[in-house]
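Everything on this sheet refers to the single structure shown next.
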Amino acid sequence: MQQSRLYVIGALCPYCMVVWVVTIAVFWHTTIHSLQRWRATTARHVPGVVAMLIEYRAAALTAWYLVIIVLIAIRFWDYWVTLL
């Protein structure tokens, strides 16, 4: 099983992390905008998942960022413990 680049390289690039944050936010807001336009043009019977994503878009984006932060914390936990 192939590991993600975060785990293979074993280092974090600050520039890359900023690009991750911006790219994820732009992708998410573009997706939500498209879903809102789709909901406006279709009948009132919008699937519950789509309505929930639109309603809780900030929470979903925050959860996405938290997953990435947890993955980074898990990978570099041994290093950060030595700093204490």
Side-chain angles (χ1 to χ4, degrees):
M1 181 158 138
Q2 184 179 4
Q3 293 179 335
S4 69
R5 289 290 167 201
L6 171 71
Y7 296 129
V8 173
I9 294 173
L12 293 172
C13 166
Y15 173 76
C16 298
M17 290 186 295
V18 170
V19 171
W20 289 350
V21 169
V22 172
T23 303
I24 291 169
V26 168
F27 168 77
W28 186 244
H29 288 292
T30 302
T31 302
I32 293 298
H33 177 74
S34 298
L35 288 174
Q36 286 174 332
R37 291 192 59 155
W38 174 73
R39 183 173 72 171
T41 59
T42 60
R44 294 183 183 181
H45 304 290
V46 176
V49 174
V50 172
M52 187 177 68
L53 285 175
I54 292 171
E55 181 70 27
Y56 297 106
R57 59 184 169 261
L61 182 60
T62 302
W64 196 342
Y65 286 140
L66 287 176
V67 166
I68 292 172
I69 290 169
V70 167
L71 289 172
I72 291 170
I74 289 170
R75 170 58 179 91
F76 294 100
W77 186 256
D78 293 336
Y79 171 71
W80 287 326
V81 171
T82 63
L83 294 177
L84 299 176

Would you be so kind as to tabulate the donor-acceptor pairs closer than 3.5 Å made by side chains of residues 52-59, with sequence neighbours excluded?
from: Arg57; atom 1: NH1; to: Ile54; atom 2: O; distance (Å): 2.8

Test of understanding: with side chain to side chain contact (heavy atoms under 4.5 Å, CB included), list the residues that count as partners of [X], not counting sequence neighbours.
{"X": "Val21", "answer": "Tyr65"}
{"X": "Val26", "answer": "Val22, Thr30"}
{"X": "His29", "answer": "Ala25, Leu61"}
{"X": "Thr62", "answer": "Leu66"}

Give the cluster check for [X] versus [Y]: same hydrophobic cluster or not, with ILVMFWY residues linked at side-chain heavy-atom distances below 4.5 Å.
{"X": "Trp64", "Y": "Val19", "value": "no"}
{"X": "Leu83", "Y": "Trp77", "value": "no"}
{"X": "Leu35", "Y": "Phe27", "value": "yes"}

Positive for side-chain contact (heavy atoms from CB on, under 4.5 Å) with Val70, one of Val67, Ile72, Ile74: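 The side-chain contact (heavy atoms from CB on, under 4.5 Å) with Val70 is passed solely by Ile74 among Val67, Ile72, Ile74.
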